[in-house]
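Here's the structure we're looking at; comments come further down.
Every heavy atom of this structure was used, including side-chain atoms; hydrogens, water molecules and symmetry mates were not. Lettering of chains follows the sequences in order, A, B, ..., and the numbering in each one begins at 1.
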Amino acid sequence: MKKNIGKTRIGFFSLSCCEGCELAVLELNRDFVNALGFVEILESRILREKNPEQELGIAFVEGSIVGKDDLEKIQKIRQRSKFLVAMGACATIAGIPGIRNSLPEKTKSALPLHAVKKPLAAVHRLSDFVKVDFELQGCAINEKEFLKILVQLHHGFFPRLEEVPVCKECKEKENPCLLLKGIACLGPVTYAGCDALCPGVKAQCIGCRGFTKDANFASLKSMFKEFGLKGNEIKNLFTYFNNNPFEKGGF
Amino acid sequence: MHSDEHFSLENITKIEGHASLEVQLKSGIVEKCEFRIQENHRFFEDLAIGKSFEEIPLIMSRICGFCCSSHLNTAIEACEKALGFEASEQTLLLRELAINMEFLKSHALHLYLLVLPDFLGKESVLNFDKKEHQYIHDALDFKKTATDTLNVLGARAYHTVNFRVGGFSKFPEQGQLDSCMKGLEKMRSKAFQAIELFSKFVSGQIFERKTNYVGLVGQGYCLLCGSIQCSDGTVIPEENFLSHLEEFVVPYSSAKSAKFDGKEFVVGALARINLNGKELCSDAKKAIKDSNLKFPNFSPFYNNPSQAVEMLQTIDSSIKILNEIKIRQEPLQKISPREKTGTGVTEAPRGVLYHSYSIGSDGLIKKSRIVVPTQQNSKSIESDLRDFIPSLLGLQKEKAGLEIEKLIRAYDPCISCATHFLKVKWRKS
């Protein structure tokens, strides 16, 4: 039995970021155009001239909370949206802008925080301040995953994240294990869903999809030490993307 | 719009990033014109400190989603120069291919999705009617051709993975590159159409303002290396760029502005063709002639057809690279660090992009400096508007606002880039 559920009203928003996740959505190509058959993009500063604030079915928000205006913006978006989806590493784990949180105190105190636009003391992911219904991980996001959860939410299903590390997908793709070659890779502690993209081209995983709940940091760190990595090198690797001030893999 | 009016355009749309404009008119003369860049600072220059040179390109790629490959490859070039490493010919060709694809993708998205609605009198590309839908398909086809190639080169379209200091973590297979070539060849005829289309839209435009144009010149229509030339005749090596550049903070904007040898200037597609048009491929030159475009040109609106010309140029240049290249799998070179500063300058889709890093003997970054196109253009955007706005007197406010936005959009400003490095060195006295 087919029920007419009407178009889902969505909006795209960007806080402080590179806006690459919104662009990544265009990677759906013809599927993007097809999706316009069941969604209505009501707000998108990059695509629309007029963006009056309105009630939305789903708000897709990329970017970190860096300044006070970001915070005010996300709170308003939350109020008028049924579902809020955080898109990308900036929005889900503070990401690259969040490296500021992990800088040594000396560098941090020299930052021009009194600059023209005053930033907050730390860079935050969305869920530090508002309820986030779903997190699309990655830097940038995977467009297929975006479409999957868009379709699910449109039909009233609540999407679920498969909670497995990158290693699982690496094994499935039969990629040679980088750890076995003595290359420091964050695959064992990072959420999968990227099709083990980086190890697939012989590049270490740098954790852009966030750390798994049961990550064993201590064991991985001691392995990296055995590889000959120095303390600061290990810290740099763990804080490539994972810089949330409230939850950082042991750093 | 009256001759005495104060108005502001809050949240200018259909550009990359957040910006607004504040204008004060008195007796028909623009007394105040402030292009306000309103993004938060992400302090990229500081984020680099203490990171290893191997990590830098992947971090800098995240400055901007629109021009991530440009930031990535410019950072790689700067680091390799500091380390005294010379990349293999194959690596350099593939990097050039990536930059070409970045241009194709960025220009196509800007022209079709952000600029075209203005000319068709539509609020948004999302309101295109059925017969205009072909334009959306064209935009996505150009983008797909470019990102398919970037996928082959770098494992994904945005924030590519394989590009490294020292070469590639993994080279593409020859067969994959051959299919990229087929895709590019298919888009050639569409590129001719794009040049015709976007030339038509500016043909009635009489506004122009002579200024200085700055870009890379050298062998061919160079995007990756060359000398920096100003239209006033100055030619300087890449690494001296900063000594000719005066950067300054404007109190109303979160990005710095810049002057070249004390004068304001323009970078980007129009600047490149004005300076280097003779090096365009023969079909691009022919298309310019067929579309009645004249260069050098001093109208900022001509940046749009210039971008369309560059779409054909980058397609043809890419086909040439793909015809030449026979992939050999070279291992990624491991480079030992040395203490030195290196500078990389490239042409990004929006103009000259400068990255410079001082690396310590431990391989960690001690100092970094980045100058991006939009901050170089911001003074010229304001000066153009000062001259342009009086010609809009008498128009309805909404119509005048749209004309102003059209001019700003013609520059294809990239606000994410422009703000994310601000490093103010002022002290409260």
Step-by-step side-chain contact (heavy atoms from CB on, under 4.5 Å) determination, A/Lys73 to B/His18: CA-CA 13 Å; A/Lys73 198 166 157 188; B/His18 306 81; 3.3 Å; yes
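- Of the inter-residue distances, the one linking A/Cys198 atom SG with B/Leu58 atom CG reads 8.0 Å to the nearest 0.5 angstrom.
- At a threshold of 4.5 Å between non-hydrogen side-chain atoms, the residues A/Thr239 and B/Lys51 count as touching.
- Only the side chain of A/Asp69 comes within less than 4.5 Å of a heavy atom in chain B; its backbone stays farther off.
- Side-chain contact between A/Glu27 and B/Asn151: present, with at least one pair of heavy atoms (C-beta onward) separated by less than 4.5 Å.
- For the set A/Ala140, A/Cys139, A/Gly98, the count of heavy-atom pairs under 4.5 angstrom toward chain B peaks at A/Cys139.
- Checked by atom type and distance alone, the side chain of B/Glu123 pairs as donor or acceptor with a backbone atom of A/Glu49 at under 3.5 Å.
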Salt bridge (Lys or Arg N to Asp or Glu O under 4.0 Å) between A/Glu62 and B/Arg62, intermediate numbers included: CA-CA 13 Å; A/Glu62 58 175 346; B/Arg62 271 75 184 182; over 6 Å; no
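- Counting non-hydrogen atoms of other residues, nucleotides and ligands closer than 6.0 Å to NZ of A/Lys173 gives a total above 12.
- Ion pairing of B/Glu398 with A/Lys50 is present here, as a side-chain N (NZ or NE/NH1/NH2) and a carboxylate O approach within less than 4.0 Å.
- Contact count versus chain A (heavy atoms, under 4.5 Å) is highest, among B/His137, B/Lys170, B/His133, B/His159, for B/His137.
- Put simply, the side chain of B/Ser124 gets close to the backbone of A/Leu47: a donor and an acceptor are under 3.5 Å apart.
- Residue B/Lys143 touches chain A through its side chain alone, counting heavy-atom pairs closer than 4.5 Å.
- Here A/Leu197 is the residue among A/Leu197, A/Ile41, A/Asn51 with the most heavy-atom pairs under 4.5 Å with chain B.
- Counting non-hydrogen atoms of other residues, nucleotides and ligands closer than 6.0 Å to NZ of A/Lys7 gives a total above 12.
- Ranked by heavy-atom pairs under 4.5 Å with chain B, the list A/Pro104, A/Cys90, A/Ala203, A/Cys208 is led by A/Ala203.
- The number of heavy-atom neighbours closer than 6.0 Å to NZ of B/Lys406, taken from other residues, nucleotides and ligands shown, is above 12.
- Ion pairing between A/Lys235 and B/Glu55 fails under the 4.0 Å rule for side-chain N and carboxylate O.
- Looking at heavy atoms from C-beta onward, B/Phe43 lies out of side-chain contact with A/Val123 at the 4.5 angstrom threshold.
- Contact of A/Leu103 with chain B is made through the side chain alone, with heavy-atom distances under 4.5 Å.
- With rounding to the nearest 0.5 angstrom, the CG atom of B/Leu364 is 7.0 Å from the CD atom of A/Glu233.
- Taking the side chain as every heavy atom from C-beta outward, B/Tyr158 and A/Cys18 never approach each other to under 4.5 Å.
- Annotation for A/Val201 and B/Ala155: closest pair CG1-CB, 3.9 Å, computed over non-hydrogen atoms.
- Remark: A/Asn236 CG to B/Ile59 CD1 distance equals 7.5 Å, nearest 0.5 Å.
- Looking at heavy atoms from C-beta onward, A/Arg30 lies in side-chain contact with B/Asp141 at the 4.5 angstrom threshold.
- Proximity to chain A (any heavy atom under 4.5 Å) is shown, for B/Leu47, by both the backbone and the side chain.
- Here the side chains of A/Leu26 and B/Thr147 are not in contact, with every heavy-atom distance at 4.5 Å or above.
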side-chain contact (heavy atoms from CB on, under 4.5 Å) between B/Arg156 and A/Asn142, intermediate numbers included: CA-CA 9 Å; B/Arg156 66 174 159 206; A/Asn142 176 326; over 6 Å; no
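- Only the backbone of A/Leu15 has a heavy atom closer than 4.5 Å to any heavy atom of chain B.
- Of the atoms belonging to B/Leu332, not a single heavy atom falls under 4.5 Å from chain A.
- How far CG of B/Asp362 is from CG of A/Asn232: 7.5 Å, rounded to the nearest 0.5 Å.
- Taking chain B as the reference chain and counting heavy-atom pairs below 4.5 Å, the highest number among A/Ile96, A/Asp70, A/Val33, A/Val66 is found for A/Ile96.
- Residue contact with chain B, scored on non-hydrogen atoms closer than 4.5 Å, involves the backbone and the side chain of A/Asn29 alike.
- Proximity of A/Glu40 to B/Leu126: side-chain heavy atoms (C-beta onward) are nowhere separated by under 4.5 Å.
- In plain terms, the two heavy atoms of A/Pro97 and B/Arg42 that are nearest each other are CG-CD, 3.8 Å.
- Remark: the backbone N or O of A/Arg100 is not paired with any side-chain donor or acceptor of B/Asp46 at under 3.5 angstrom.
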